[in-house]
Amino acid sequence: MKTQVAIIGAGPAGLLLAQLLRQSGVESVILEARSEEYVLSRIRAGVLEHPTVELLHSIGAGERLGREGMPHDGVDMIFRGEKRRIDFPALTGGKKVTVYGQQEVVKDLIEMKKDFDGQILFEARNVQLHDIESDSPSVSFTRQGEEVVLSCDFIAGCDGFHGVSRPSIPAGRLRMFEKIYPFAWLGILAEAPPAQDELIYSYHENGFALFSMRSPEVTRLYLQCDPEENLDEWPDERVWSELHTRLESGDGFRVNEGKILRKDVTPMRSFVCETMRHGRLFLAGDAAHIVPPTGAKGLNLAAGDVKVLNDALVAFFKGGSTALLDAYEATALKRVWAAQRFSWFMTRLLHKFPDGEPFDAEIQIADLDYFTGSEAGRKTIAENYVGLPFG
C-alpha cells in the first residue's frame, strides 16, 4: 500500500486531520488498533471551543453538531455558597462553547472518511514505524491475518498517550514534562435531565465539584476524590448527597437525580512531549500532551495541532515548501503551553489540596473573588475557555 500521509489512530486528531487534508486533495490512510465499535463507544468530554466548532463546520462536519450540540454562553462558579457567572459572549465579542460529545464528533468524522475513500483500517495490529528519519518512511501492521506495509511521505502520530508513535522516537531525543496532581475526579453519568443549561464549577470545603451534561437527557457530574478511590465506598446515596452539598449556592439550584449509568475515576495530570516532530513523524493530540480536564482543553488542543499540521503538509505537497513543517513544533507548542497554563490555573483555583495550608486556602478564595468579581478577571477566564486562535 502507498499513501501520502499515514495517520496512526482514529480518534478526533487523526480523523480531523484526514478531512482537512482531503479538502486540499492530499491522500491519507488511517490505521486504528481497535475495532470501529470500540472507537465509537469511548466516552470522553465534549466541550468544544469556538475555534473547534468553526473548524468542524468548515470541513462539512457541522450539520449534526449544529442541530444537536448545546451552545453555552457561560459558566457558573460557586465558592463559599455564592454563585457567580462568567458571560462568554459579553467578554469575548460573541464567542461561546458548545457541548457535543467527543464520541459524536468521532462518529461524524468516521462517516465522512468512509463516504470519501473508506481508508480507515480498523483492527490494525502490531503497528510499527520504520525509517522515520528518511524521506521514505513506512508503517507495517497486521490486519485480518495479513502482514501489510504502508509506504508514505509522512506519518502523523495521533494514537494517544499509550500509542506506538511517541515511543518510536529515540529516547534521547524526547523532551518531556509531567505533573501529577494529588487528587482525581469521580465521574458520574446519570439518566437525568440537566438541572440547568450551563456548567457549574464549585470550590467547596469537601472538595471540587462540576455539574455538566452530555445531552438533554443525560447529566455528567464530577466530584474531587482520592486517586486510589474505591468505588464500592461510593453508593448512589452518598454520591447524590455529596453533589447536593458541594453544589449548594443558596439560589435554589438542585441537581436532578436519576439512574446512575456509570461511575469512573479520572486521574489528574499534565504531560507535554515537546518533541512533536522527529524526521517525517509528527505527533498530534494526546500522543504529545495531556491536560487535566478542568479547563476542557483535550479535544480542542488536538484540533489545534492538526490544523497547524494540515497547513504545513498542504504547503509541502502543493508548493514544495518545508517552512511550515519546520515550524510545526514551535507553533503547536505555543498553544499547548497556553492551554496547559489555563488548565493548571483552573485546577489550582478550584480544588482542595490535601497538603494545603490555611494560607493557601485563603489565597484560593481571594483568587476566586478576583477572577469572578472583576471584569478583567472574568475576561481572562472567558478568553481562555472559549479558545485561543489556532496557529
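Taking the six-membered ring for Trp and the full ring otherwise, F345 and F371 have centroids separated by under 6.0 Å. Residues F122 and Y38 keep their aromatic ring centres 6.0 Å or farther apart. Taking the six-membered ring wherever Trp is involved, the centroid distance between the rings of F282 and Y328 falls below 6.0 Å.
Donor-acceptor pairing under 3.5 Å is recorded for the side chains of E54 and H50. No donor-acceptor contact under 3.5 angstrom links the side chains of K379 and T92, judged on distance only. A donor-acceptor contact under 3.5 angstrom links the side chains of E274 and W337, judged on distance only.
Judged as a side-chain hydrogen bond (donor to acceptor under 3.5 Å, both in side chains), the pairs with a partner in residues 301-311 (not counting sequence neighbours) are, in order, H289-D305, K307-D311.
Of the possible donor and acceptor atoms, none in the side chain of E82 sits under 3.5 Å from a partner among the backbone N and O of F79.
Both cation-pi conditions hold for R238 and W234: the charged atom is under 6.0 angstrom from the six-membered ring centre and inside a 45 degree cone around its axis. In this structure, R166 forms a cation-pi arrangement with F161, its terminal cationic atom sitting closer than 6.0 Å to the ring centre and no more than 45° off the ring axis. A cation-pi arrangement, defined by a distance under 6.0 Å to the six-membered ring centre and an angle within 45 degrees of its axis, is absent between R269 and F271. K179 forms a cation-pi arrangement with Y181, by the criterion of a distance under 6.0 Å to the ring centre and an angle within 45° of the ring axis. With a 6.0 Å cutoff to the six-membered ring centre and a 45° limit on the axis angle, K95 does not count as a cation-pi contact of F88.
In R84, the CZ atom is crowded: over 12 heavy atoms of neighbouring residues, nucleotides or ligands sit closer than 6.0 Å. Around the CD atom of E178, the shell of radius 6.0 Å holds more than 12 heavy atoms that belong to other residues, nucleotides or ligands.
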For H57 and E63, run side chain to side chain donor-acceptor pair (under 3.5 Å): C-alpha distance rounded to whole Å, both residues' side-chain angles, the deciding distance at 0.1 Å, then the answer. CA-CA 7 Å; H57 279 290; E63 180 182 353; over 6 Å; no
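Across all non-hydrogen atoms, the minimal contact from G14 to I30 is O-CD1, 3.9 Å.
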